[in-house]
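Before any comments, here is the structure.
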Amino acid sequence: MNLDISLRSEIHKALAALFNQSVEQLQIQPTNKEFEGSHTLVCFPIAKVSKKVPEETAKLVGEYLLTHSGIVGSYNVVKGFLNLVITDQVWVEVFRSIYSNPNFGVLASDDKEIMVEYSSPNTNKPLHLGHLRNNFLGFSVAEIYKGNGYKVHKVQIINDRGIHICKSMAAWKLFGNSETPLSSGVKGDHLVGKYYVEFDKVFKSQIKELITKGVAEKDAEKQAPIMQLAVDMLLKWEAKDADTIQLWKTMNGWVYEGFSSTYKRMGVDFEKLYYESETYLLGKEEVLRGVENGAFIKKEDGSVWVDLTSDGLDQKVLLRSDGTSVYMTQDIGTAILRFRDFPNINKQVYTVGNEQEYHFKVLFLILAKLGYSWANECYHLSYGMVDLPTGKMKSREGTVVDADDLMAEMVNEAEKQTRELGKIEDMSDEEIKDLSEMVGLGALKFFLLKVDPKKRMMFDPAESIQLQGHTGPFIQYTHARIKAILRKADSLGILVEEGDLQKVTSLELAEREALFLINSYTNKIQEAANEYSPAVIANYAYDLAKEYNQFYQSIPIFNESDADKLKFRIAFSRVVADTIKKSMNLLGIQVPERM
RNA sequence: GGGCCUGUAGCUUAAUUGAAUAAAGCAUCUGACUACGGAUCAGAAGAUUCAGGGUUUGAAUCCCUGCAGGCUCACCA
């Protein structure tokens with residue numbers, strides 16, 4: 001049975017019978033812990049149609065539900081709040097239907113299809129903490145949509161061309177001495193990143209030198225020899241110069257190799273990769289088409305602009321006067337290509353930091369101007385930056401937290417703490433390694449996902465490595481502990497038949513409260529999808545684990561003398577473990593059998 | 001300067017489609033394993049929800065003003 005629907009329908013019946021009225025939106029909320037009951041009907045809005053004061057209205061509705069509904073066992077009224085106590089028989093029935101449904105919480109597919117873009121790094125340096133938030137967020141949102149019955153395509157756009165990679169190439173050419181990942185033992189993305197840093201160092205010193213010679217700063221930036229080399233490489237690349245293309249391919253190849261091991265450890269994946277070098281030309285064509293049909297303006301110097309002043313924005317350049325494309329140009333091409341590749345998608349989500357909100361606002365308007373009706377199906381999943389206790393991450397000041405380093409640290413710390421607790425002495429090194437990976441990454445992912453995406457967040461390394469409290473490992477631990485109970489039940493030969501459950505006629509408070517949470521799982525995954533917010537799931541999983549732990553501490557399972565109750569508690573524990581696992585998987589977090 | 005976002009216990013966060021005495025974690029203090037896993041649980045203490053006005057039966061939530069912080073407004077990506 002579906003408790004929410006039944007309850008609503010009973011209340012509607014009550015309102016019709018009592019006041020001959022209907023109320024469109026019933027306000028039902030969880031009952032505060034200090035009062036008895038689980039569901040609370042807020043009666044202030046209903047008072048308007050009942051023509052009675054809220055308290056009186058609440059009493060009438062409560063009394064009607066008590067005598068007519070068969071769901072409500074008792075009620076109490078506090079001010080205008082009607083607190084409803086659902087009978088234990090109904091709770092048991094709700095549980096039975098969840099327990100017997102192996103697909104509980106999996107929403108039926110209605111042929112909806114969505115594309116989620118995330119990650120999308122530049123290829124000149126390794127991934128950092130900010131990318132971790134991006135990747136975990138995008139991956140999780142994709143999983144949440146899957147959980148809502150959507151067909152999901154995970155993609156990314158790789159910014160593989162442009163001045164940034166040319167900078168690394170220039171520095172490597174000057175100082176690299178043919179160093180490769182193989183020759184140096186350095187991971188490919190880190191090696192390329194090293195030369196990007198090298199470029200910046202040399203560039204700065206060259207500027208300084210020029211300035212002491214009396215060159216203006218702005219001119220010095222252009223005249224610096226290493227910058228001229230990088231710009232020269234960019235031009236040669238666009239002219240398809242063979243040597244330049246070769247070097248570009250080689251260095252990008254190193255980066256991809258490095259990224260792929262980073263992605264693997266993160267546990268994220270992609271169905272299809274788009275490369276800027278393959279989409280910017282389509283973007284260019286589209287922009288020129290826009291000029292022909294009057295959507296865009298070509299100025300005298302040859303540059304192409306879109307005028308968005310009627311939308312409250314500015315004019316934006318789409319092609320430079322020399323005909324080369326800008327960032328926006330390739331995003332136009334990429335979007336169009338994606339809707340050609342996947343013509344059935346209803347929605348496209350871009351997981352990109354909030355510093356690009358303006359960019360995406362403009363992009364979507366441009367796509368609409370080009371006549372693509374799907375333009376308003378594009379959504380920018382904007383998230384806040386990750387700050388450190390010392391302030392913003394700044395690559396120039398060397399305060400960037402590297403993704404590979406951070407994951408390694410988290411896993412090491414997890415292993416250290418696991419070994420200290422000494423619960424896994426019979427595990428092989430291999431098993432301990434897998435477990436540490438699960439716990440370390442679980443802690444990191446949960447830490448980054450529990451905060452509302454749109455908010456800026458603080459990453460405190462000391463706090464993130466905590467495995468107690470409001471953390472991923474806390475939830476993983478709860479799961480492992482339930483699994484221990486289930487193993488014991490198996491070893492005792494306790495078998496739960498569906499029919500056994502209905503013999504239970506009374507529940508403990510902690511059981512009712514956990515049941516309330518399990519019952520709200522489907523609502524939560526819908527809410528998480530509507531809001532594009534894994535934080536909804538993270539906090540749900542935490543609440544459920546916490547609630548179960550309270551149950552666990554206060555109520556005996558194997559010492560219960562009533563065999564039916566014992567079986568109920570085993571079954572109940574199993575459902576909690578399953579629900580925790582499903583929720584955590586939506587976050588990209590695995591849960592262990594033991595830890 | 002224009003636009004967008006944020007401001008909640010010492011710290012990190014919930015609650016933001018308006019609803020009851022604002023909910024957790026960390027840190028601090030006090031308790032709980034001869035019972036099913038103490039990475040747990042129970043309890044104490046901790047809040048003028050940035051400030052001031054307004055709307056409402058009811059405001060952390062909506063509106064206005066101010067303050068503080070962030071992002072953005074490139075022929076950069």
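We name chains A, B, ... by the order of the sequence lines, and we start the count at 1 in each one. Computation of the quantities below employed the complete heavy-atom set of this structure, encompassing side-chain atoms and omitting hydrogens, waters and symmetry-equivalent molecules.
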C26(B) - base-pair partner by Watson-Crick or wobble geometry, distances under 3.5 Å: G10(B)

To the nearest Å, give me how far apart CE (Met595(A)) and C1' (G37(B)) are. 11 Å

Counting only side-chain heavy atoms from C-beta out, which of C41(B), G37(B), A77(B) sits nearest to Ala480(A)? G37(B)

Can a side chain N or O of Asn549(A) be found less than 4.0 Å away from OP1 or OP2 on C41(B)? yes

Per atom distances to the Tyr542(A) side chain, the nearest of A24(B), G37(B), C71(B) is A24(B)

Residue-phosphate contact under 4.0 Å: Arg481(A) side-chain N/O, C41(B) OP1/OP2: no

Which one is paired to G69(B), where only Watson-Crick or G-U wobble pairs with both distances under 3.5 angstrom count? C5(B)

CD1 of Ile424(A) versus P of G37(B): gap in Å, rounded? 17 Å

Atom-pair distance (CG on Asp322(A); C1' on C76(B)), nearest Å: 14 Å

Counting distance alone, no hydrogens or angles: does the base of U40(B) have a donor or acceptor under 3.5 Å from a partner atom on the side chain of Gln553(A)? yes

Whole angstrom value for the distance that separates C1' of C73(B) from OH of Tyr358(A): 6 Å

Options A74(B), G37(B), C36(B), nucleotide nearest the side-chain atoms of Lys488(A): C36(B)

Lys567(A) has an atom NZ; how far is it from atom C1' of C36(B), in whole Å? 18 Å

Between CE of Met227(A) and P of C76(B) the distance, given in whole Å, is 11 Å

Nearest nucleotide by nearest heavy atom, which residue falls closer to the 5' end of RNA chain B, Asp314(A) or Ile163(A)? Asp314(A)

Is Lys316(A) close enough to C73(B) that one of its side-chain N or O atoms is under 4.0 Å from OP1 or OP2 there? no

Using heavy atoms to find the nearest nucleotide of RNA chain B for Ile485(A) and Thr471(A) separately, return the residue whose nucleotide is more 5′. Thr471(A)

Listing time: all N or O pairs from protein to nucleotides 10-20 of chain B that are below 3.5 Å?
{"from": "U13(B)", "atom 1": "OP1", "to": "Met458(A)", "atom 2": "N", "distance (Å)": "3.0"}
{"from": "A14(B)", "atom 1": "OP1", "to": "Asp452(A)", "atom 2": "N", "distance (Å)": "2.7"}
{"from": "A14(B)", "atom 1": "OP2", "to": "Lys455(A)", "atom 2": "NZ", "distance (Å)": "3.2"}
{"from": "U16(B)", "atom 1": "O4", "to": "Lys455(A)", "atom 2": "NZ", "distance (Å)": "3.0"}
{"from": "A19(B)", "atom 1": "N7", "to": "Gln27(A)", "atom 2": "OE1", "distance (Å)": "3.3"}
{"from": "A20(B)", "atom 1": "N7", "to": "Gln29(A)", "atom 2": "NE2", "distance (Å)": "3.4"}
{"from": "A20(B)", "atom 1": "N6", "to": "Thr40(A)", "atom 2": "OG1", "distance (Å)": "2.9"}
{"from": "A20(B)", "atom 1": "N6", "to": "Asn83(A)", "atom 2": "OD1", "distance (Å)": "3.2"}
{"from": "A20(B)", "atom 1": "N1", "to": "Asn83(A)", "atom 2": "OD1", "distance (Å)": "3.0"}
{"from": "A20(B)", "atom 1": "N1", "to": "Asn83(A)", "atom 2": "ND2", "distance (Å)": "3.4"}

Rounding to an integer number of angstrom, what distance separates G7(B) and U49(B) when you compare their P atoms? 14 Å

Presence of salt bridge, Glu425(A) and Arg419(A), under 4.0 angstrom: no

